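Not measured: the values here are computed from a predicted model.
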Amino acid sequence: MSQYKLTYFNAKGRGEPARYMFHLAGVDFEDFRIELQDWEEWKPKMQAINPMGKLPILEIDGEIRVFQSNAINRYLARIFGFWGSNAQEQAQIDVIYETLIELLTPLYPIYAEKDEEKKNEMLKKFKDENVEETLKNIETLWESNNKCGDYLVGDKISLADIFFFTYVNDILTRFLPDFNLDGHPKLKALVERVAAKPPIEKWLKERPVTER
């Protein structure tokens, strides 16, 4: 069996979808974490491994290295069986995945904003416009994919479900502590379904407590 090492910050962020997949697949991996305050010390070492000098980095058997979080997520989804059963399902998964990635973009200026009043206004607009529109679009995609079965695509959990769970559970709740899916009961049930998976439930209880 291959040996895996995932290097990322001591945070959820871009490393958490991969961690979820490792746990769901029941595959052991080294969860190597770098403290944010130590990044300047670590950065030259990481640049020697990854020319872009960024995290996360996935290493397989100490030889193969995969960079960029989205590439890592797709790679693990393929090898662990979270990438659909055929080309059509894979395309549907990718559509939902890309839709959620687009929803990350408006968060960058919000995160950087120092004026609290302006930041709150930006967050409200983000929630009322960007988030709501995306949730409705995902519901439409879900209906067209499989009539809102247990999972967003096909009849088993995929990267689409895992990344949606990550976005709601780890990202939106960080920026919008009062956020909930009460207005989207089917999506709420999906998040609860993923959280109830024994490996995910166990990981949520045991993972390191981090600010991000």
Side-chain angles (χ1 to χ4, degrees), residues 6 12-27 56 58 66 68-108 125-176 178-204:
L6 180 70
K12 294 182 280 291
R14 294 179 180 274
E16 205 64 6
R19 295 178 183 129
Y20 285 139
M21 283 189 278
F22 274 116
H23 287 285
L24 274 172
V27 175
L58 176 67
V66 185
Q68 300 288 8
S69 59
N70 295 328
I72 290 171
N73 292 340
R74 288 185 173 99
Y75 176 85
L76 292 177
R78 289 186 182 101
I79 64 174
F80 291 160
F82 303 129
W83 194 239
S85 302
N86 53 54
Q88 182 179 355
E89 287 189 3
Q90 291 163 3
Q92 292 167 345
I93 291 167
D94 223 7
V95 167
I96 293 173
Y97 186 61
E98 288 292 335
T99 299
L100 290 167
I101 288 172
E102 288 178 357
L103 194 57
L104 289 170
T105 305
L107 285 173
Y108 300 138
K125 183 177 180 181
F126 170 71
K127 179 182 177 182
D128 294 344
E129 297 180 12
N130 302 85
V131 174
E132 278 305 311
E133 180 182 4
T134 298
L135 292 177
K136 290 176 183 176
N137 289 343
I138 289 176
E139 286 175 324
T140 300
L141 289 167
W142 191 2
E143 176 67 28
S144 66
N145 287 341
N146 64 359
K147 306 301 180 186
C148 292
D150 284 349
Y151 300 106
L152 290 172
V153 178
D155 59 1
K156 61 182 180 179
I157 193 168
S158 73
L159 178 59
D161 308 293
I162 296 164
F163 198 71
F164 182 77
F165 176 78
T166 305
Y167 199 98
V168 171
N169 192 63
D170 300 320
I171 299 174
L172 283 185
T173 52
R174 175 187 164 201
F175 286 89
L176 302 167
D178 297 328
F179 176 81
N180 63 69
L181 286 167
D182 289 347
H184 303 272
K186 291 179 180 178
L187 290 173
K188 182 178 181 179
L190 172 67
V191 168
E192 292 172 350
R193 193 174 298 120
V194 175
K197 292 280 186 183
I200 297 295
E201 186 177 32
K202 185 173 185 289
W203 174 240
L204 292 175

Q) side-chain hydrogen bond (donor to acceptor under 3.5 Å, both in side chains) with Asp178: which residues, sequence neighbours excluded? A)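 In terms of side-chain hydrogen bond (donor to acceptor under 3.5 Å, both in side chains), with neighbours along the sequence ignored, Asp178 is linked to no residue.
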**Q.** Contacts of Asp182 that satisfy side-chain hydrogen bond (donor to acceptor under 3.5 Å, both in side chains) - sequence neighbours left out
**A.**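 Once residues adjacent in sequence are excluded, the partners of Asp182 under the side-chain hydrogen bond (donor to acceptor under 3.5 Å, both in side chains) criterion are Lys188.
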Inter-residue atom distance [X].[atom1] - [Y].[atom2], 0.5 Å rounding:
X	Y	atom1	atom2	answer
Glu139	Ser144	CD	OG	12.0 Å
Leu181	Leu190	CG	CG	9.0 Å
Asp161	Ile93	CG	CD1	8.0 Å
Ile162	Phe82	CD1	CZ	4.5 Å
Leu103	Tyr167	CG	OH	3.0 Å
Leu141	Lys136	CG	NZ	14.5 Å

Q: Please step through side-chain contact (heavy atoms from CB on, under 4.5 Å) for the pair Leu104 and Ile171, ending with a clear verdict.
A: CA-CA 9 Å; Leu104 289 170; Ile171 299 174; 3.8 Å; yes
pair [X]-[Y]: side-chain heavy atoms closer than 4.5 Å:
X	Y	result
Leu204	Asn169	yes
Thr99	Thr134	yes
Leu135	Phe164	yes
Ser158	Leu152	no
Thr166	Leu100	no

Q: Could you give me the CA-CA distance, side-chain angles and deciding distance for Ile157 and Phe165, then say whether side-chain contact (heavy atoms from CB on, under 4.5 Å) is met?
A: CA-CA 11 Å; Ile157 193 168; Phe165 176 78; over 6 Å; no
Q: Could you note down all residue pairs passing ring-ring contact (aromatic ring centres under 6.0 Å, His included) where residues 125-162 supplies at least one of them, sequence neighbours left out?
A: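 Passing the test, one end in residues 125-162: no pairs.
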**Q.** Worked verdict on Arg14 versus Gln68 for side-chain contact (heavy atoms from CB on, under 4.5 Å)
**A.** CA-CA 9 Å; Arg14 294 179 180 274; Gln68 300 288 8; over 6 Å; no
(Q) If you count heavy atoms of other groups shown closer than 6.0 angstrom to CG of Asp155, is the number above 12? (A)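 Not buried by this count: 12 neighbours or fewer within 6.0 Å.
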Q) Does atom CD of Gln88 have more than 12 heavy-atom neighbours, drawn from other residues, nucleotides or ligands, at distances under 6.0 Å? A)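 No, because the 6.0 Å sphere around CD of Gln88 holds 12 heavy atoms or fewer from other groups.
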Contact summary for [X] and [Y], nearest pair of heavy atoms:
X	Y	result
Ala18	Leu76	CB-CD1, 3.6 Å
Ile200	Ala195	CG2-CA, 4.0 Å
Thr173	Val168	CG2-O, 3.3 Å
Glu89	Val153	O-CG1, 3.6 Å
Pro106	Asn130	CG-ND2, 3.6 Å

(Q) Holding to ring-ring contact (aromatic ring centres under 6.0 Å, His included), I want the full list of residues that pass it with Tyr97, two or more places apart in sequence or in another chain. (A)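 For Tyr97 the ring-ring contact (aromatic ring centres under 6.0 Å, His included) partners, ignoring immediate neighbours, are Phe163.
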Q: Kindly write out the residues that satisfy ring-ring contact (aromatic ring centres under 6.0 Å, His included) with His23, not counting sequence neighbours, or none if the list is empty.
A: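 Once residues adjacent in sequence are excluded, the partners of His23 under the ring-ring contact (aromatic ring centres under 6.0 Å, His included) criterion are Phe29, Trp203.
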Q: Return each pair, listed once, that meets salt bridge (charged side-chain N to carboxylate O under 4.0 Å, His left out) where at least one residue sits in residues 93-107; pairs must be two or more places apart or across chains.
A: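 Qualifying pairs, neighbours excluded: Arg74-Asp94, Arg74-Glu98.
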Q) Is it true that Arg19 and Glu16 have a side-chain N and a carboxylate O under 4.0 angstrom from each other? A)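 Judged by the 4.0 Å cut-off on N to carboxylate O distance, Arg19 and Glu16 do form a salt bridge.
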